[in-house]
Every structure is written in C-alpha cells, then in structure tokens.
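Accompanying notes for the structure given below.
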Amino acid sequence: MSSVLLSAVLCSVIASPPAPVWADQFSVPINQTIKITDVGTFNNTFWYYYDAINNVSRTDHGKGQMDELCRSIKGKKNSDEPCTMIVAKDGWRYIQFPEESSCCKYCNVSSGCGIIKKDWLKGAAYQGQKTIQGRLCNGWMQQGGEKNYYYATADAAQDPCEYYEGYPTFLNGINIWMYSTTQYKTGPQDPKLFEVPSTCTSMCDIQHL
C-alpha cells in the first residue's frame, strides 16, 4: 500500500469516530428554538428524562414552547403554555397541560410512539466537528422523516451537545436543541416522573397543523 493511500485511509478513520450510543438513563435541560416561517421564533427550556431500562421518557416543556405534538392538540395550535409528554410503561405517549390539569393519550408504541432507541444513530453519516458552547463536538446525520443532526462531545464520554432537524420538520421551520453539557447527568431516574394520572384515559383530539 502506498504511503499516500495509507495516509488517506488513516485520515478517513480518524475523521469518522463511532456514532454515540445513549446512556441507559439520564436527565438534561435543553434550550429549544423553533423557527416557523411567517409565524415567528420561539424559545423555551425543557427538561428531558430518559430511562431505556424501563422504556420510559419524559419531556417537560416550559412557557414559550411551540412543540409540534403539543400544538397538534385541538385548541392548542397557537398556545405556548407549558406542556409535558410522557412515554409511560404501558406503551402510551401522554400529553399533559399542567396549567389546566388536562391530559390525554396521544399514540401507542405500536404506532412508533415509544422512547427513542439508545442506538438511534446506528449507521448515521458523520458530519465532522464544530465547537458548541466552548466544547469540541462531533456530528452525525440520521435520515428519518427528516434529516436529524446530532452532535456529541469529541471525547470518550460523547455527552450530547446539539440536535436539530432539517426540513421538512414543519411545512416551514426548523427545530434546534442545545443541550446543557454541564447539567447532563447519567444514572437512575425517579420512577414517579413517568407516572400518569389514573384519570388520563381519553384519546387526544388531534388536529393537523
């Protein structure tokens, strides 16, 4: 093998680190920016709790959110009120609006509404490096319903740095998540976080955005 070819092979290996596999259990606050053309830019901080061991997760969106699932509930299209999403042990994804104590069943794991898989980046295309919040991070793109870009710290820990969706996340818009790498914590999560009120039995009245 020529020295030129060997150098090219080595550079390719160095430039393409293995894609991250999420920790079994973790929590992290995330600053989210959603831009919707002709509507506006919306910012909120939400907490994300993840427990792959028990197949549950929770997302607590704060005031200012314009999450597409929360907005898809009838009467909530233009609401930026706090919204909680729980993927519970029973396989259902629940939507809650804490300010009015309302709750409904959105969809089931049988229709793809389970937790995000730990290895969801398997086979993703490496995107190179960039500095995010002062830390060097590696990026990957995983094609799904849209292009999903995810960046993790360029060290052995591979802590989350940033996530964003390419078009067409909405008909017009983009969704950006900036993880707090300093507040990211792995380890067991409080089981009570994933409990749903026993009265939450009605299906959500979903509207198309």
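For K117, the NZ atom is loosely surrounded, since the number of other residues' heavy atoms within 6.0 Å does not exceed 12.
Pairing of C104 with C200 by a disulfide is not supported, the SG atoms lying 2.5 Å or further apart.
Legend: side-chain hydrogen bond (donor to acceptor under 3.5 Å, both in side chains) pairs involving residues 81-90, not counting sequence neighbours, sorted by first then second residue: D60-T84, K76-E81, S79-E81, D90-Y94. Within the structure, disulfide (SG to SG under 2.5 Å) contacts touching residues 32-61 (residues at least two apart or in different chains) do not occur.
The backbone N or O of N54 sits less than 3.5 Å from a side-chain atom of D51, completing a donor-acceptor pair. At least one donor-acceptor pair closer than 3.5 Å links the side chain of R93 to the backbone N or O of G114. A donor-acceptor pair under 3.5 Å is formed between the side chain of T153 and the backbone N or O of D159. A distance-only check finds no donor-acceptor pair linking the side chain of N31 to the backbone of M178 [under 3.5 Å]. Between the E68 side chain and the M66 main chain, no donor and acceptor come within less than 3.5 Å of each other.
Residues Q142 and N148 bring no donor and acceptor atom of their side chains to less than 3.5 Å of each other. Using modelled atom types and a 3.5 Å distance limit, the side chains of Q65 and D80 yield no donor-acceptor pair. Counting only N and O atoms by type, the side chains of N138 and W140 include no donor and acceptor under 3.5 Å apart.
When all heavy atoms are compared, the tightest approach of P20 to Q158 is CA-OE1, 3.4 Å. Taking each heavy atom of V196 and A88 in turn, the nearest pair found is CG2-CB, 4.1 Å.
Of the residues listed (F26, Y179, W22), the one engaging Y184 in a ring-ring contact (aromatic ring centres under 6.0 Å, His included) is F26, and it is the only one. Screening F46, W177, F97 for a ring-ring contact (aromatic ring centres under 6.0 Å, His included) with H61, the sole residue that qualifies is F46.
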Applying side chain to side chain contact (heavy atoms under 4.5 Å, CB included), run through K118 and Y50 and close with a yes or a no. CA-CA 10 Å; K118 288 179 50 181; Y50 181 82; 3.4 Å; yes

